[in-house]
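Note: hydrogens, waters and symmetry copies are ignored here, and every other heavy atom, side chains too, is used. A note on names: the letters A, B, ... follow the listed sequences, proteins ahead of strands, and every chain is numbered from 1.
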Amino acid sequence: MTMILKIAVPVPLRRLFDYLPPPACDFGRLRCGVRVEVPFGRRRKIGILMAVSEESDIDPGRLKAAWAILDDTPLLTAEDLRLLSWASQYYHHPIGEVVAAALTVLLRKGSAAELADERFLRLVADDLSVAEQACKRAPRQAALIELLRAHPNGVPHSLLKELDWDWRGAADGLIRKGLACWCECPAGQERDDSAFVPPPFQLNADQQHAIESVRGAMGAYAAFLLEGVTGSGKTEVYLQLTQEVLARGKQIMILLPEINLTPQLQARFRSRFSVPVAIFHSGLTETERCRAWLRMQQGEVGILLGTRSAVFTPMKSPGMIILDEEHDTSFKQQDGFRFSARDVAVMRARLLNIPVLLGSATPSLESLFNVSQGRYRHLRLARRAGGAVQPVFRLLDIRGHRLREGLSPALIAYISDTLSRGEQALLFVNRRGFAPTLICHDCGWVARCRRCDANLVVHAGDGRLRCHHCGFEQSLPGVCAGCSSEDLRPLGLGTERVEKALAELFPDARVARIDRDSTRRKGRLEAILNDIRDGRVDILVGTQMLAKGHHFPQVTLVGITDVDAGLYSTDFRSEERTAQLITQVAGRAGREDRMGTVVLQTRHPGHPLLQVLIRDGYSGFAKACSEERRAAHLPPFSYQALWRAEASDAEAPMRFLERVAGLARARSVADLAVLGPVPAPMARRAGRRRYQLLFQSSKRKVLHELIEALLPVISELAEARRVRWSIDVDPVDLY
DNA sequence: AGCACGCCGACT
DNA sequence: GTCGGCGTGCTC
């Protein structure tokens, strides 16, 4: 009897690879989920053992023996592997790459799956006065000594890393002076899983009901959609459920859309629970990511807070998954393995037989549809906690009005009133930079990117032109490239320009800007947020970043300079996104005692969805928007899969997709629409031509069976090797 | 994706 | 005469 190892090798090939066990192999180590080092072509690869079988489709003579089994115990459980196999099938993505997505880089490279003991910094000196003397002229070292004195057992390295000053230099100084040392002291390490600081305030009835409902479902699969307006206390629900999960000796995974949001939630969890919290996002070093992964996998921590990529992290004793801001499109991976962390989370909960909770103030139409189908249970938090009032909406018809840098006289008056009351105003502008275009006033020449179908964006701060799509940049030209005229003018509005205009209109006001440019440097975002919280800012200008998570209690006016762009777009999800954005930005405003006003500038004050949104709120909008989708047979009332192809050669992508479309149409499948191929909305990006082909059906099964049947043929196509192609199941934007 | 093999142009 | 261009084929 021969034993065949079925291994997922991280290559873009849609199959497992068969190997013989390594020579002199202890068969006890051949467990599914261990890493296996194998010869692959003339390379060395590390794959995951998916199954052990007696059969192989490969000629036995061609089978190679694996080199080594890397783990004594599986890195991934049978449930993990089942989830990954499902994801590979559902997203039609190569299994090896899907499995690789569940590991961290270090683990993929073969690092030992062991948690290195953490280092602790500890004082050595017995006589502290000596230490104080030695550090008289070194304030940082003195401060570090203070900290070390408060922790006689030593300060863990992970805690030191969270300090926002240069502790490293100070530590080196102390070590040089022989006052401190690194040690691995697990002594005095207390772990108390039940430790919990009780909540400071009373829950309202909605919160209690939500918590009771989910608590009642513990120990089995159930999916919940928690719809709660901003400030309604969703986080408190998460905290209480976390406590419940920990009390049952289980682990909880909490997923968020952005790494910007993790520090805040992290702080709330850290202050509430004395148990350790693992953090997992792309901003960490590989060592940190690997450590967080292993701590969850080995049951060292009860709470994992992470972004999209954390959804596959193995859990020793899974208890629940929470995914906050479920409508947010950053849960969808937009390249390579294009999975939706939200949908994977739901499937994972189902396979693990645990509850999953999706939270949002503005649920996606997909999730609301799932509620209507009985797949998710709907929980609502209607009231704002503490009784704060919902903001008032005002539509400003700007037709025929003279605008000053995009600001109408009425909006300027609103801002002026707000400032005179000593309150803060927030202005939402959906573009960073100074102006989205540079145009020649004499000949009409426009600064365009040479590699993309896009205009270059004017950045006044550092006097440069940038392409926001491929990263190209150059200094601002002094003269027109077409006619040498010196009359080059920025056209359109960006955050920088609005910031400048506001500074001129309100010379006494302090204006702060929040966008990717102004917050690029580490710690900048936190600094600006602190300024806003402490009242050192009067007007805030910013992009989407403002809409996410942060709450500004002193803001009583929210202005949105242009809602029209989002109402008239080619993407059918554009209205939904705009309504979510408006609602989210509006949610930043006001607090218990002061009512917020939300002012929307538009040239289409009669737009029906806009009217519904401000009259009936997001729920009313969602209902109306869903009806339009149903009538148009668009998701969630139908399902889509998008083929994309790109190449530097202008013709190849189109030719490839035409072959795909031809093959699909030739099968004359019922209930299937094959739309395209067409050029992508940005047909040229970074010098590459991009096309796409859409499959749509009212039955998921139809799409999957077709793709499944097509893939082997398509992979062999001569046209396929001339392009880079991919399939996007449930695409969230048709770009 | 890598990495080989393989057959045609400008160079130490 | 070779170095190297990227077409095409393979990976258990």
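Note: NZ (A/K6) to P (C/dC12) measures 14 Å, nearest angstrom. Rounding to whole angstrom units, CD1 of residue A/I58 and C1' of C/dT11 are separated by 10 Å. Between the C1' atom of C/dT11 and the CD1 atom of A/I7 lies a distance of 14 Å, rounded to the nearest Å. To the nearest angstrom, C1' of C/dT11 lies 7 Å from NZ of A/K64. Across the protein-nucleic acid pair, A/L13 atom CG and B/dA1 atom P stand 10 Å apart, rounded to whole Å. Between the CD atom of A/E37 and the C1' atom of C/dC12 there is a distance of 16 Å, given to the nearest Å. Taking atom CZ of A/R44 as the reference point, atom P of B/dC3 lies 12 Å away to the nearest angstrom. In this structure, A/I46 atom CD1 and B/dA1 atom C1' are separated by 17 Å, rounded to whole Å.
Ion pairing between A/R348 and A/D80 holds under the 4.0 Å rule for side-chain N and carboxylate O. Using a 4.0 Å cut-off between charged side-chain N and carboxylate O, A/E366 and A/R573 make a salt bridge. At a threshold of 4.0 Å, the pair A/R685-A/D453 does not count as salt-bridged, since none of the basic side-chain nitrogens sits closer than that to a carboxylate oxygen.
Side-chain contact check for A/W86 versus A/V344: some heavy-atom pair is nearer than 4.5 Å.
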Query - Working for salt bridge (Lys or Arg N to Asp or Glu O under 4.0 Å), residues A/R655 and A/E719 - result: CA-CA 7 Å; A/R655 274 203 304 267; A/E719 288 92 337; over 6 Å; no
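Counting non-hydrogen atoms under 4.0 angstrom, A/F40 reaches a base of the nucleic acid. Backbone-only contact: A/P39 has heavy atoms under 4.0 Å from sugar-phosphate atoms and none from a base. Residue-level contact check: A/L63 touches the backbone only, with heavy atoms under 4.0 Å from sugar-phosphate atoms and none from bases.
Residue A/R43 has no polar side-chain atom (N or O) positioned under 4.0 Å from OP1 or OP2 of B/dA1.
Comparing A/P12 and A/R42 against DNA chain B, the residue whose closest nucleotide sits nearer the 5' end is A/P12.
With distances taken from any side-chain atom of A/R62 to the nucleotides C/dG9, C/dT11, C/dC12, the minimum falls on C/dT11.
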